[in-house]
Amino acid sequence: STALQMTAFGLALLSTLFLLLATCTDCWMVNADDSLEVSHKCRGLWRECVTNMQDGVRTCDQYDSILADHPVKIVVTRTLLITADLLAGLALATLLLGLDCIKFLQEEPRVKLKMCYGAGVILSIGSILGLVGSVWYAVDVYLERSMLVSHNIFLGVHYDFGWSCWLGMAGSTGCFVASVLLTCCLY
């Protein structure tokens, strides 16, 4: 039981860090141009950055405001990932207090078990929200690219999924696996 709890806690901690990094970083979409690249462009949830490949200078443009008119994919992904981050953090704190190796409520093993189970439920909700947000963004990037290709429109650069998008998916999947360990395997 203790080994399973520690495994779930380690996985939940790592996955929560992945989710937080995905939310904060700015490479959800990356240019995937096959021509000679002189710059590397990344678009994120909060800003767009361009790195010059010759001298390595990086410049970033912040989006106008959080409340400004943004594409739906950015607003929905921000909302879902921030909510997933908060839920994963809450689940992590609850799980930490529910671990058998922590002295908190040592004389109440049933309460500690319920705390681990509750952390698993919260973690599963957060993981589903994070996965929906990451996949929503990826599908929207794919549909945007497909629409341009089907209409034979070439704007000089097209975008692929960036590492932040993959990080969000990996973090959400890890949180889901940790929640399964806590809710199904712990009993």
Side-chain angles (χ1 to χ4, degrees), residues 1-30 42-49 60 62-63 66 70 72-106 108-141 160-187:
S1 173
T2 303
L4 187 63
Q5 285 179 351
M6 294 307 289
T7 302
F9 178 75
L11 184 59
L13 180 64
L14 183 65
S15 300
T16 301
L17 290 175
F18 280 2
L19 273 175
L20 286 169
L21 279 173
T23 305
C24 299
T25 55
D26 54 9
C27 206
W28 280 77
M29 287 173 41
V30 62
C42 281
R43 286 186 184 170
L45 302 177
W46 311 102
R47 60 188 176 171
E48 184 173 343
C49 294
C60 294
Q62 300 277 61
Y63 294 146
I66 292 176
H70 294 294
V72 173
K73 71 179 170 191
I74 289 179
V75 174
V76 169
T77 305
R78 279 180 184 174
T79 304
L80 290 172
L81 274 145
I82 290 172
T83 307
D85 292 342
L86 292 173
L87 287 173
L90 175 66
L92 209 55
T94 306
L95 178 58
L96 183 65
L97 293 175
L99 292 175
D100 288 339
C101 60
I102 302 296
K103 299 286 185 208
F104 181 73
L105 292 174
Q106 194 69 30
E108 298 287 338
R110 293 185 57 86
V111 173
K112 288 179 85 73
L113 190 63
K114 286 182 182 181
M115 289 176 78
C116 287
Y117 183 77
V121 171
I122 295 169
L123 204 57
S124 69
I125 295 168
S127 70
I128 290 169
L129 292 177
L131 196 58
V132 167
S134 299
V135 170
W136 168 284
Y137 195 93
V139 166
D140 197 60
V141 168
D160 251 344
F161 315 129
W163 59 270
S164 297
C165 187
W166 293 112
L167 202 60
M169 289 182 202
S172 299
T173 304
C175 284
F176 187 75
V177 170
S179 74
V180 168
L181 288 175
L182 290 170
T183 55
C184 299
C185 301
L186 195 59
Y187 288 103

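All values below come from the heavy atoms of this structure, side chains included, with hydrogens, waters and symmetry mates left out.
- Heavy atoms from other residues, nucleotides or ligands lying under 6.0 Å from CZ of Phe9 number more than 12.
- Taken together, Cys49 and Cys42 fail the criterion of an SG-SG distance shorter than 2.5 Å.
- At least one donor-acceptor pair under 3.5 Å links the side chain of Ser179 to the backbone N or O of Phe176.
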If you apply the rule side-chain contact (heavy atoms from CB on, under 4.5 Å), what do you find for Val30 with Trp163, and how did you get there? CA-CA 8 Å; Val30 62; Trp163 59 270; over 6 Å; no
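- Between Tyr137 and Leu80, the closest side-chain pair of non-hydrogen atoms is not below 4.5 Å.
- Contact between Leu123 and Ala88 at its shortest, heavy atoms only, is CD1-CA, 4.0 Å.
- Without hydrogens or angle criteria, Ser124 side chain to Val121 main chain gives a donor-acceptor distance under 3.5 Å.
- Between Cys175 and Leu19, the closest side-chain pair of non-hydrogen atoms falls below 4.5 Å.
- Remark: Thr94 engages no residue in a side-chain hydrogen bond (donor to acceptor under 3.5 Å, both in side chains) (not counting sequence neighbours).
- A distance of 12.0 Å separates CD1 in Ile82 from CG in Leu129, rounded to the nearest 0.5 Å.
- In this structure, Met6 CE and Leu95 CG are separated by 9.0 Å, a value rounded to the nearest 0.5 Å.
- The line from NZ of Lys112 to CD of Gln5 is 8.0 Å long, rounded to the nearest 0.5 Å.
- Once rounded to the nearest 0.5 Å, the distance linking SG of Cys116 with CG of Leu181 reads 11.5 Å.
- Side chains of Ser164 and Thr25: a donor on one and an acceptor on the other come within 3.5 Å.
- Rounding to the nearest 0.5 Å gives a distance of 12.0 Å between CD1 of Ile122 and OG of Ser127.
- The closest side-chain heavy-atom distance from Ile74 to Trp46 is not below 4.5 Å.
- No donor-acceptor pair closer than 3.5 Å links the side chain of Trp28 to the backbone N or O of Ala138.
- Note that OG1 of Thr2 and CG of Leu99 are 8.5 Å apart. Values are rounded to the nearest 0.5 Å.
- The two residues Phe18 and Leu167 come nearest to each other via the heavy atoms O-CG, 3.7 Å.
- In terms of heavy-atom proximity, Ala12 sits nearest to Thr16 at O-OG1, 2.7 Å.
- Looking at every heavy atom in both residues, Leu45 comes nearest to Arg78 through O-NH2, 2.6 Å.
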